[in-house]
Amino acid sequence: MYEKVVSLGSRLHYPITITKLLKFPGDSVKKQENIIEYKFSWRRKVNDDTWTDETTYTEFDSPAEGKLKEWRIKEGMVISADCPCMTVEEACGHEVQIQGLCSLCGADMTEINWASEEKDTDRAMINMTHDQTGLMVSESVAMKAEHDTQKRLLRQRKLSLVVDLDQTIIHACIEPTIGDWQKDPSNPNYEAVRDVQSFQLDDGLRGVANRCTYYIKLRPGLKDFLEEVSKMYELHVYTMGTRAYALNIARIVDPDRRLFGNRVISRDENGSIISKSLQRLFPVSTNMVVIIDDRADVWPRNRPNLIKVVPYDFFKGVGDINSSFLPKRTDILPMPQQANGSATPATAASLGTPASPVKEGGKVSPLDEIARMSGTDEKISLQIQAEEQEKTLEKQIKDRPLLHMQEELDKEGGVSAQDSDVGEATPTQSRQHLLNDDDEELIALQDHLTDLHSSFYETYDRRRRERRQSDPTHPPGSSSRRRSAADDGVDLSMVPDVGDILDELKSNVLSGLVIVLSGLVPLGVNVEESEIGMQAQSFGAQVLDSVSRRVTHLVVSTSRPRTKKVQQAAKIQSIKIVNQSWLIDCLSQWRRLDERPYFLDILDADRERSSDPTEVASEAENGTDAESGDLKDFDWATADKDLEEFLGDEDDDDDESINLEVNLEEADTEDGDESGSETESTDTESADGSRKKSAKRKKPADEESGDDGPSNLADESVMAKKQRLSRSRGTSALRSVLTPNGQEDTDGASETGSRNLTVPVTDSQGTDAGGAGASFESNTDLDDDALERELLAELEAAED
């Protein structure tokens, strides 16, 4: 028996008063039978100025059928809003329904009567099946079924694995050229395509795409991969192709139906035309479910459960023939390589999908909302995407891109089109093959799935062991013993989340690395939110959008090897500049690979410091060094000391103490004697134990007396004093730098006679000017000749 709580509903004229209950607990109740009498008051308008109060007596009819278990209301009760009125025991809960009928009692669940506000189809809203049978179950049934499945898998020591088809374990195309190559043993691509399988499919396509032939290439090693993985995982197929397409692929991959069985779901049963969701198959818990797919963006709710694989791109430039039913691809694919090493562009249509129109002001019109509620908008979108796919397939059949790419290879090898047609070529005209059958992704993927399975059950076993150890023990001789259960060895409360295990395994791969991407993120996309950026972060790396000394790796697109970021990073020796294949291979193999085979060739001009002041300033703003890339010999300690002495204290009211060399000390002492100012010399001990003299300038008498009259050196500007003191030091570490014109300035003067004073600035990361991340910019506003003439004039005045 199933208990159902029945409510009064929202359609009554509240407040109401219960006048009589017509049934008693234990009585049978039928739908639309009178079970309650009640009354309500209302006001009736007699004329324009007169209203009268009326009271109406009426009945409430039962919306449910069964045996009345209890009333939740009583006679005389005033009820002001909808509330439960009784509990009924039903003979059937209608928790399993097929095509609108209860599979248990056969009742029509779509029937609607005036006494009921709820539809019986709402009792079973969850679709857990892979096919189109229309089997729907209630939440309680779904939970029980899923728990039973988890217990079965735990006893078998397995997990669930959801497998994508296109560009994950197979690659498909419809170009007739493949069929021609399969019949021609002399064709250079014959060995690669000889095991390609094919089938014809009536998908309702129009034009030349109707009943076209699909050519299917299995990813190398797929048979062994599935055999081994099936020992650890229960396999499911999940594709955005049609059901007919998916079943044909399944027959090729699993002809005996031992691996996937009938566990195949397509876009026809998906419930969404833009994304996939594990909740479609596992509505209660995804703790034991793993996904392998070449697309991460189509799993917005289940990214923690995903192992992203490198897309299988056997048929060059074709991409995913079902991509029109997916969001536009934003991740970066490895650039396809021809046999001669040159890159071939991917077919744009195979990577795109029509974008949804943007509503003005971000609002949805009432008509659009009605269409959405009725499912009309989804049907329209599905039709648009189907038409887009037709165009893509038709273009592939007519244009034959693979044939044209092979012809280009033949031309580069000196083989004429006529010779290639008949399969003839001289020894010096060897034909290169376009298609390569050397993919090894499944080898690494099998290792990852094995490690994940082992880690999951190690964690599960440890938790159960710790639980048993924490259970209370009974004293010796006690008759109380733990009862054995039928499902001993299975404890759903101890099941770990496979997403947490997967995150732990991946997060250590690139831990500690700081990566900047160049040419790999579309304009306007935040690097941390880009697909490749999120992948790098999931493997433990920190991703930044600009070059600085913190960066460990600059990952560069092979299609754009010379960018501003490359030029900036080339000047910082610690940054490893690699092509995108390094990052892709690290993510694929789950280990940090040696960077040397992936190093990018850097031009000498990019390693040298630019003479363009604007470029230097730009480098400083990005936190990069304005010097040449090699700073290993730069004396930062001396630079820090020079900066401290150079900047000094700008407060003219305080005594100014400056550590000087002996020659500067003597010069100042002579100046002081001639000018009548008082100086005193003291000995100080440095950190290394040596004695060093320091000269301390005292204020002249007229300064100490507070007179406003002119003085000798007291009135010189702060900058002039610093310039004078700095010049007297001779060569310093700070001044042994490249000037903006590219010439090394060791004495502070350039060939043109003007000195470029270097002053510290902080980088974009806020690094202190005196630290290792400091960069320097040129200050050309100082007229050194004028300053020198001013100092000489003041010295002469002091001597007079």
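Numbering starts at 1 and runs along the sequence shown.
- Listed by chain and number, the residues in a side-chain contact (heavy atoms from CB on, under 4.5 Å) with Asp594 are Arg596, Pro597 (sequence neighbours excluded).
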key: Residue pair Phe314, Val193: steps toward the side chain to side chain contact (heavy atoms under 4.5 Å, CB included) verdict   = CA-CA 10 Å; Phe314 177 73; Val193 302; 4.3 Å; yes
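- Using a 4.5 Å heavy-atom threshold, the side chains of Leu583 and Leu517 count as touching.
- Inter-residue side-chain proximity for Val509 and Leu587 is flagged as unmet; no heavy-atom pair is nearer than 4.5 Å.
- Each ring pair (Phe, Tyr, Trp, His ring centres under 6.0 Å) pair with one or both residues in residues 515-538, not counting sequence neighbours, would appear here, but there are none.
- Side chains of Asp437 and Pro220 form a contact here, defined as non-hydrogen atoms less than 4.5 Å apart.
- Judged purely by atom type and a 3.5 angstrom limit, Arg219 uses its side chain to pair as donor or acceptor with the backbone of Thr168.
- Not one N or O on the side chain of Ser507 forms a donor-acceptor pair closer than 3.5 Å with the backbone of Gly540.
- The shortest heavy-atom contact between Leu593 and Gln589 is CD2-OE1, 3.6 Å.
- In terms of heavy atoms, Asp320 sits closest to Gln167 at N-OE1, 3.3 Å.
- Interatomic distance, CZ of Phe225 versus CG of Leu218, reported as 13.0 Å (0.5 Å rounding).
- Judged purely by atom type and a 3.5 angstrom limit, Gln432 has no side-chain atom pairing as donor or acceptor with the backbone of Leu409.
- Between Ile532 and Ser530, the closest side-chain pair of non-hydrogen atoms falls below 4.5 Å.
- By the neighbour-count criterion of 12 heavy atoms within 6.0 Å, atom CG of Asp601 is sparsely surrounded, having that number or fewer from other residues, nucleotides or ligands.
- Glu595 is linked by a side-chain contact (heavy atoms from CB on, under 4.5 Å) to His553, Lys576, Val578, Trp582, Arg592, Phe599, counting only residues two or more places apart in sequence or in another chain.
- The shortest distance between side-chain heavy atoms of Trp590 and Leu505 falls below 4.5 Å.
- Here the side chain of Asn579 pairs a donor or acceptor atom with the backbone of Ser581 at under 3.5 angstrom.
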task = Report the C-alpha separation of His433 and Glu191 in whole Å, then their side-chain angles, then the decisive distance to 0.1 Å, and conclude whether the side chain to side chain contact (heavy atoms under 4.5 Å, CB included) test is met.
result = CA-CA 10 Å; His433 52 87; Glu191 289 297 327; over 6 Å; no
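- Ser588 pairs in a side-chain hydrogen bond (donor to acceptor under 3.5 Å, both in side chains) with only one of the listed residues (Glu440, His448, Glu441), which is Glu441.
- Residues Val566 and Ile577 share a closest heavy-atom pair of O-CD1, 4.1 Å.
- Here the straight-line distance linking atom NZ of Lys217 with atom CG of Leu222 works out to 11.0 Å at 0.5 Å rounding.
- Under the rule for a side-chain contact (heavy atoms from CB on, under 4.5 Å), the partners of Arg303 that lie at least two apart in sequence or sit in another chain are Ala296, Glu531, Met534, Gln535.
- Between atom CG of residue Leu403 and atom CD1 of residue Ile178 there is a gap of 10.0 Å, rounded to the nearest 0.5 Å.
- Inter-residue side-chain proximity for Asp164 and Val309 is flagged as unmet; no heavy-atom pair is nearer than 4.5 Å.
- When side chains are defined from C-beta on, Val196 does not count as touching Trp181, because their heavy atoms never get closer than 4.5 Å.
- The minimum heavy-atom distance linking Ile321 with Val318 is given by the pair CG2-CG1, 4.0 Å.
- A donor-acceptor pair under 3.5 Å links the side-chain atoms of Gln537 to the main chain of Gly533, judged by distance alone.
- Contact record, Trp299 with Leu306: CD1-CD1, 4.3 Å, taken as the closest heavy-atom pair.
- The distance from the CD atom of Gln580 to the OG atom of Ser518 is 10.5 Å, given to the nearest 0.5 Å.
- Atom CD of Glu407 and atom CG of Leu434 lie 11.0 Å apart (nearest 0.5 Å).
- With rounding to the nearest 0.5 Å, the separation of CD in Gln406 from CG in Leu435 is 7.5 Å.
- Nearest heavy-atom pair across Pro401 and Gln396 is CD-O, 3.7 Å.
- Between Asp293 and Arg295 no salt bridge is recorded (no basic side-chain N to carboxylate O distance below 4.0 Å).
- Sorted by first then second residue, the salt bridge (Lys or Arg N to Asp or Glu O under 4.0 Å) pairs that include residues 502-522, not counting sequence neighbours, number zero.
- With sequence neighbours left out, Phe315 forms a ring-ring contact (aromatic ring centres under 6.0 Å, His included) with His171.
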